[in-house]
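Protein chains get the first letters and strands the later ones, always in sequence-line order, with residue 1 at the start of each.
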Number of protein chains: 2
Amino acid sequence: MTPTIDEFQRARAQYPMPFTRIELAVFAVKDGKLQVLLGQRSEPPHAGKWALPGGVVRIDLDTNLDAACQRVARERLGVALTEAQQVIAVGARRRDPRAPWALSVVYRAMVRPHRLHAVAGKRLVELQWFTTEEATTSALAFDHAMLIARAVTQLRDQVSVLHFPPGLMDQTFTLGELQSASEAVLGHALDKSSFRRRLDAAQTVEPIAGEVRSGPFRPAQVYRLPG
Amino acid sequence: MTPTIDEFQRARAQYPMPFTRIELAVFAVKDGKLQVLLGQRSEPPHAGKWALPGGVVRIDLDTNLDAACQRVARERLGVALTEAQQVIAVGARRRDPRAPWALSVVYRAMVRPHRLHAVAGKRLVELQWFTTEEATTSALAFDHAMLIARAVTQLRDQVSVLHFPPGLMDQTFTLGELQSASEAVLGHALDKSSFRRRLDAAQTVEPIAGEVRSGPFRPAQVYRLPG
DNA sequence: TCAATAGTGTCTTTGAGACATTATAGA
DNA sequence: TCTATAATGTCTCAAAGACACTATTGA
């Protein structure tokens, strides 16, 4: 081994590293509203309070941060999160009473609620959906209310420029459904004509030729996200 | 001590934490171009190569990530970085040969080059400015070329909506100077009339009454960033 | 007067909001 | 026919790009 490795080993012994975790902000549109999945903690600290599901980064198991996010999602929620996006890293002394210095890398993902069969993992009593309004204004565990607010802002910025996150919609959808979901995320109504004009210009959706969805009204063209 | 603290201590012994660092992407406008400050490494790994200045997060010294960024700036560059912005956290196995698993939190900041009296700290031969073009296309140490590309994108997004980062301009400046600096950051020319109209609407600069800058041409109104 | 930059005005294009209109299914 | 939603069209307004023009200094 080179002297540099030795030096690292010495540095590691000398300087303890932050307690490093992943926190998941899993969003869904339910009942026409943007909601976030929280777990109720069964143990101190903050026993009884609601918190983002999360877990420790395991350098023996995870090849990188994204993989750690995937593993935590599987372990804590029992689901595979496709294409979660990093929101921010927060790290400070006294963030988490279990450690002198805690660093959390926050990820966000969107899911269709009926496709998520989330099961509460360790240290959680149960999982429950909260509107983002409720979640960001109530007393959650740790600094999670602030983290959720950050994630919501990022998500809205993305949707407002018609960059729809995977997981927002089912594989196929109508433009009416896409507009409803966008309105739920953004928290305000959109103009139909303008919405479609912008979709056209942005080329973010493509029609599936010949496929329509019917009901007691005019059938709607079915679309999908390209790629 | 509560059982939970014990549990954390056990977890820490059981699960080694990532080797956690701060990397600094310090930008300046020099010679009409956006440039980034790199240091040449004096030791392996990547001895001789250019890299972002950075340092280990010290949980005994730093109260949070932003404070760690400040300390690293002081130690490695000898300057106080005002209002650095977090860009991204990257973490993976084999990112850094010195550690089995390395996590870097990347910050970006803008400085006026003549105000920076940067002195190369430990493990660096010297510090030098590179155009972002050079930096993102040449073979830098570690994954730093990618990190710089990320930081540049974020910076451009910010300036393109007239959110000027502190450190871009001196305390006072003319609109001509502000436009030149913006053009350097964005990498393309801007229309003067449109630029000023947008500044007016955004209220991101305020004139200093009565103060003008002279030269062999019509005197220019002097402005400052509000706040 | 000239060179150089500051500052303003006008025309046009683009994009999006508001809102109306037509279309088409099932009940 | 009625109701609900789909799909399109039109008018207007706001913002920004293109570009020209005037203003003011020192050399």
Rounded interatomic separation in angstrom, taking [atom1] from [X] and [atom2] from [N]:
X	N	atom1	atom2	result
A:L162	C:dG15	CG	C1'	12 Å
B:F195	C:dG7	CZ	P	13 Å
B:R213	C:dG7	CZ	P	11 Å

**OP:** Between A:R196 and A:P216, name the one whose nearest nucleotide on DNA chain D is closer to the 5' end.
**Re:** A:P216
Original post:
When you match B:S214 and A:G176 each to their closest nucleotide on DNA chain D, which lands nearer the 5' end?
Top reply: A:G176
**OP:** Assign the ring pair A:Y223 / A:F173 to parallel, tilted or perpendicular, where the plane angle (0 to 90°) is split at 30° and 60°.
**Re:** parallel
Original post:
Can you say whether the rings of B:F195 and B:F164 are parallel (under 30°), tilted (30 to 60°) or perpendicular (over 60°)?
Top reply: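 Ring orientation of B:F195 relative to B:F164: perpendicular.
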For the side chain of [X], starting at C-beta, report the closest nucleotide among [options].
X	options	result
A:Q221	D:dA7, D:dA6, D:dG26	D:dA7
B:F217	D:dG17, C:dA25, D:dT25	D:dT25
B:R197	D:dA7, D:dA18, C:dA6	D:dA18

Original post:
Is any N or O donor-acceptor pair between the side chain of A:R218 and the base of C:dA25 shorter than 3.5 Å?
Top reply: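 Checked by distance alone, the answer is no.
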Subject >> For DNA chain C, the residues among residues 177-194 of chain B that have a non-hydrogen atom under 4.0 Å from it >> reply: B:K192, B:S193
Original post:
With no hydrogens and no angle check, do the side chains of A:Q154 and A:Q158 hold a donor and an acceptor under 3.5 Å apart?
Top reply: no
Original post:
So which heavy atom on A:T174 is nearest to which on A:A220, and how close?
Top reply: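 Smallest interatomic distance, heavy atoms only, reads CG2-CB, 3.7 Å.
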